[in-house]
Undergrad: 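Quick one: the structure is below, and I'll ask about it shortly.
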Amino acid sequence: IGPLHDMDVVNDAVLRLEAAKKNEGVHPSGGAPMFPLHTATTLHGLLVNVSEELPDVPLYHVLPSLCSAVNSVTIPMMTFRAAVVNAGY
């Protein structure tokens, strides 16, 4: 399983959203707002989360693939989630 996101694109988007927030949404040269998004704060948080993803440990996994990797039968998702929570994650 490889990375889900192109980190260059993600980092560029984070920088653009931060610049828009700093300039109150107005392009530095003036004119119309750079990003007239009502969800800019939510999008920024999501992109920061994605940018903090470790390159060799993606945040997204397919349970059957994980079970196959450890040569195990596929367990129910609720059992897997309970095991992860009980492990402290």
Side-chain angles (χ1 to χ4, degrees):
I1 299 176
L4 289 175
H5 313 287
D6 182 347
M7 297 316 277
D8 292 333
V9 172
V10 171
N11 291 331
D12 183 51
V14 168
L15 291 174
R16 288 176 182 243
L17 283 169
E18 288 172 352
K21 184 176 181 181
K22 180 180 169 186
N23 296 321
E24 297 178 358
V26 177
H27 194 278
S29 64
M34 289 174 57
F35 299 102
L37 297 174
H38 300 290
T39 59
T41 303
T42 304
L43 181 59
H44 181 266
L46 178 66
L47 289 170
V48 168
N49 249 355
V50 166
S51 70
E52 292 172 350
E53 178 181 327
L54 297 174
D56 58 342
V57 185
L59 297 174
Y60 176 79
H61 297 286
V62 178
L63 186 56
S65 297
L66 287 174
C67 292
S68 176
V70 295
N71 201 19
S72 171
V73 297
T74 302
I75 61 174
M77 180 60 79
M78 293 305 292
T79 305
F80 177 76
R81 287 182 183 173
V84 170
V85 169
N86 289 331
Y89 295 98

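The structure displayed is predicted, hence computed values, not measured ones.
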Undergrad: Report yes or no: do Val9 and Val14 belong to one cluster of Ile/Leu/Val/Met/Phe/Trp/Tyr joined by side chain heavy-atom distances under 4.5 Å?
TA: no
Undergrad: Does any non-hydrogen side-chain atom of His44 lie less than 4.5 Å from one of Thr41?
TA: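 No; the side chains remain at least 4.5 Å from each other.
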Undergrad: For Met7 and Val50, which heavy atoms make the closest approach, and how far apart are they?
TA: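 Heavy-atom minimum between the residues: CE-O, 3.4 Å.
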Undergrad: Can you find a heavy atom in the side chain of Ser51 that is under 4.5 Å from one in the side chain of Leu47?
TA: no
Undergrad: Give the cluster check for Leu66 versus Val73: same hydrophobic cluster or not, with ILVMFWY residues linked at side-chain heavy-atom distances below 4.5 Å.
TA: no
Undergrad: With a 4.5 Å cut-off on side-chain heavy-atom distances among I, L, V, M, F, W and Y, is there a chain of contacts connecting Leu15 to Val10?
TA: no
Undergrad: Answer with yes or no whether the hydrophobic clustering places Met78 together with Ile75; edges join I, L, V, M, F, W, Y residues whose side-chain heavy atoms lie under 4.5 Å apart.
TA: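 Different clusters.
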